[in-house]
Amino acid sequence: MSEGQKKSRRPRGEGGAYFNEKRGRYIAEKIVGYDGRGNPIRKTASGTSETAALKSLRERVRKYEAGIVQGAERYTVGLAVEDWLKYGRTEVGANTERNNRDFYEHHIKPHLGGRRI
């Protein structure tokens, strides 16, 4: 930027960006909502340039607003079924629980367990 030019203002709603001396990176952050106690829910991202940090932030906000859980890109069929077996079912008989576990161990886990959702 030349001496006479002034940096233009970022559009409203895009979030803020600043340089963190300690980390040597740009940090971008945006308030995406408020929790039940009224505290702001902030999403942050970092990058080696201000543009990279803002791009990363936009991606995180997009995933948050779409309801995608952080780390979902590593979530597999096996993990989903294990979570379902552990937390998703309520009040099933011991026989049903054993049959579901056996079906998972013999049929789903060996063939589909490693596939990403």
Run the side chain to side chain contact (heavy atoms under 4.5 Å, CB included) test on Glu29 and Leu57 for me, step by step, so that the C-alpha distance in whole Å, both residues' side-chain angles and the decisive distance to 0.1 Å come before the verdict. CA-CA 7 Å; Glu29 64 181 19; Leu57 176 66; 5.5 Å; no
Rounded at 0.5 Å granularity, tell me how far [atom1] in [X] sits from [atom2] in [Y].
X	Y	atom1	atom2	answer
Ile31	Thr44	CD1	OG1	12.0 Å
Glu59	Leu54	CD	CG	13.5 Å
Thr96	Glu91	OG1	CD	12.5 Å
Lys30	Arg60	NZ	CZ	14.5 Å
Asn39	Tyr34	CG	OH	10.0 Å
Thr76	Arg115	OG1	CZ	12.0 Å

Any side-chain heavy-atom pair from Val32 and Arg42 closer than 4.5 angstrom?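 Val32 does not reach Arg42 side chain to side chain.
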Less than 4.5 Å apart, any side-chain heavy atom of Trp84 and any of Asn100?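 SC-SC contact between Trp84 and Asn100 confirmed.
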Under 3.5 Å donor-acceptor, Asn20 side chain and Gly24 backbone: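 A pair under 3.5 Å: no.
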Is His106 reaching over with its side chain to a backbone N or O of Asp102, donor-acceptor style, under 3.5 angstrom?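 Yes, the answer is positive, given that a donor and an acceptor are paired below the 3.5 Å cut-off.
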Quick check: closest heavy atoms across Gly47 and Ala53, and the distance to 0.1 Å?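 The pair with the smallest heavy-atom distance is N-CB, 3.7 Å.
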Is it true that Asn99 and Tyr104 share a donor-acceptor pair across their side chains at a distance under 3.5 Å?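 Distance-only check fails for Tyr104 and Asn99.
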Is there a chain of hydrophobic side chains (I, L, V, M, F, W, Y, each step under 4.5 Å between heavy atoms) that links Leu85 to Tyr75?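 Linked, Leu85 and Tyr75 end up in one cluster.
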Same apolar cluster (I L V M F W Y, side chains within < 4.5 Å links), Val77/Leu79: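 Linked within one cluster.
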side-chain hydrogen bond (donor to acceptor under 3.5 Å, both in side chains) against Tyr26, all qualifying residues, sequence neighbours excluded: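 Tyr26: no side-chain hydrogen bond (donor to acceptor under 3.5 Å, both in side chains) contacts found.
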